[in-house]
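See below for the structure under consideration.
Chain letters run A, B, ... following the sequence lines, proteins first, then strands; residues in each count from 1.
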2 protein chains.
Amino acid sequence: MFSIGDLSRRTGVKVPTIRYYEQMGLVAAPERSEGNQRRYGRQELERLAFIRHARDLGFAVEDIRSLIELSGHPEQPCGHADRIAGEQLISVREKIAQRQRLEAELERIASCCNGKTVGDCYVIRALSDHALCANEHG
Amino acid sequence: MFSIGDLSRRTGVKVPTIRYYEQMGLVAAPERSEGNQRRYGRQELERLAFIRHARDLGFAVEDIRSLIELSGHPEQPCGHADRIAGEQLISVREKIAQRQRLEAELERIASCCNGKTVGDCYVIRALSDHALCANEHG
DNA sequence: CTTGAAGCTCTAGTGACTAGAGCAATTACA
DNA sequence: TGTAATTGCTCTAGTCACTAGAGCTTCAAG
C-alpha cells in the first residue's frame, strides 16, 4: 500500500497532478486510510506509470483515456490504438518541421545584430518588417 | 481608418484576439466611431503586424511586451532585445531536440504493431512498459 | 507525546486565446 | 428610405493540463 507521496516518487507524477487525474477520471479513486488518506496498490502504480509514459510522449489526456479504455478490452482489434499513435506521430512531425523553420528564422535574427542601439537593432527591425524574413513561417 | 475586421484581415490576427491584446495592454485602446466601434490607423496596423510576427516566432506575450517597450526607445543599447531573441532560440532548439526523441520513440511504437488485438498490440505494451523504450525521453 | 512532514479539500490562477449570449451599429442593395 | 445581412460591442465562461495557496487534519519518527 502506497501513500500518494510514495506513488508520486515512484512514477515521477507530482502529488497534485495525481489528484487532478483522479478528478478527471483518468485514475480511479483509490481506497482510503482510516484518516481519509489515499492508499494505492500495484495496479494503480502501473496505470499511473502508463499515463506518465504516454504524457511524456505527448499524448493528450483524451487520447490516454482512449488507450486506457482499449487496454481494458484486450480481445478487441488494435486498429484504434494504432491510429491514435499514428496521429500523434504525424502531429509530432509537423511540430518539429514548424519549429525548425522558426529556428532558422531566429538564428538569422539573433545572430546578425551588430547595431549598438535599439534603433538599428536587427532583432527589432526583423520583427517589424516581415519582408526581412528569408522564408515563410508561422 | 480601419475597422477591427479590416485590421484582422490585413494582419491575420483574429478579431477576438485583437480585443484580447487590447485588454492585455499589448496594443493601445484605439479611437472609437460615433457608434463606439474601434477605428485603427496605420500605426496600430504596424504594431499588430509586429506582434503577429513575434507570436509566429514563438515569443511569449511578455517577451513581446518587452520588445515593444524597447522599440519605443531606439536610443538604448540593444543587448536586451538580443538576449530575448537568443533565449527564444535556445528554447526552440530544446523543444526540437525533445520532440525528435519523441518522434523516434513514436516511430518505433507505431510502426511495429502487427498484433491483431489490443492484447498483443505493441502500442499498448510499449506504453505500459517503459523498459520497451529504446532510449530515454521526457 | 510532541513535532514536523505529508496529507486533505477547496478555490483560484496560468497562458493565450476561443466560444457564446444578447445586443447595437454599419453597410449594401432595392 | 427601408430593410436585411454583416459586423461590431461587452461580458462571462470555457479550453488544456496542470500549479499554487489557504487552512485544516493525519501520520510517522524520535
What is the distance, to the nearest angstrom, from the [atom1] atom on [X] to the [atom2] atom on [N]?
{"X": "A:Tyr20", "N": "D:dT19", "atom1": "OH", "atom2": "P", "result": "10 Å"}
{"X": "A:Ile4", "N": "D:dT25", "atom1": "CD1", "atom2": "C1'", "result": "15 Å"}
{"X": "B:Asp56", "N": "C:dA16", "atom1": "CG", "atom2": "P", "result": "14 Å"}
{"X": "B:Glu31", "N": "D:dG8", "atom1": "CD", "atom2": "C1'", "result": "17 Å"}
{"X": "B:Glu62", "N": "C:dA16", "atom1": "CD", "atom2": "P", "result": "8 Å"}
{"X": "B:Phe2", "N": "D:dT7", "atom1": "CZ", "atom2": "C1'", "result": "17 Å"}
{"X": "B:Asp63", "N": "C:dA16", "atom1": "CG", "atom2": "C1'", "result": "14 Å"}
{"X": "B:Arg39", "N": "C:dT26", "atom1": "CZ", "atom2": "P", "result": "7 Å"}

Checklist entry - How close do A:Val61 and A:Arg55 get, heavy atom to heavy atom, and via which atoms? => result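 In terms of heavy atoms, the two residues are closest at CG2-CD, 4.2 Å.
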Checklist entry - Which atom names give the shortest non-hydrogen contact between A:Ala49 and A:Thr11, and what distance separates them? => result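 Closest heavy-atom pair between A:Ala49 and A:Thr11: N-CG2, 4.2 Å.
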Short side-chain N/O contact from [X] to OP1 or OP2 of [N], under 4.0 Å:
{"X": "A:Ser3", "N": "C:dG7", "value": "yes"}
{"X": "A:Arg19", "N": "C:dC8", "value": "yes"}
{"X": "A:Ser33", "N": "D:dC27", "value": "yes"}
{"X": "A:Thr17", "N": "D:dA17", "value": "no"}
{"X": "A:Lys14", "N": "D:dC18", "value": "no"}
{"X": "B:Arg32", "N": "D:dT10", "value": "yes"}
{"X": "A:Tyr21", "N": "D:dA17", "value": "no"}

Next on the checklist: What contact category does B:Arg38 fall into here, base, sugar-phosphate, or nothing, at under 4.0 angstrom with non-hydrogen atoms?
Outcome noted: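 Result for B:Arg38 = sugar-phosphate.
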Checklist entry - Do B:Ser3 and B:Arg39 come within less than 4.5 Å of each other through their side chains, counting heavy atoms only? => result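 Answer yes - side chains close enough.
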Item to check | Any side-chain heavy-atom pair of B:Phe2 and B:Arg38 under 4.5 Å | outcome: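 Side-chain contact under 4.5 Å: no.
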Item to check | Given DNA chain C, 5'-ward residue of the pair B:Arg55 and B:Glu34, judged by closest heavy atom | outcome: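 Nearest-nucleotide comparison on DNA chain C picks B:Arg55.
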Next on the checklist: Judged by each residue's nearest nucleotide on DNA chain D, which is more toward the 5′ side, A:Gln37 or B:Asn36?
Outcome noted: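 Final value for this comparison: B:Asn36.
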Item to check | Of B:Asp6 and B:Gln23, the one whose closest DNA chain D nucleotide lies more 5' | outcome: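 In this pair, the answer is B:Asp6.
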Checklist entry - Are B:Arg19 and B:Glu22 ion-paired here, with the side-chain N under 4.0 Å from a carboxylate O? => result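 So B:Arg19 does not pair with B:Glu22 through a salt bridge.
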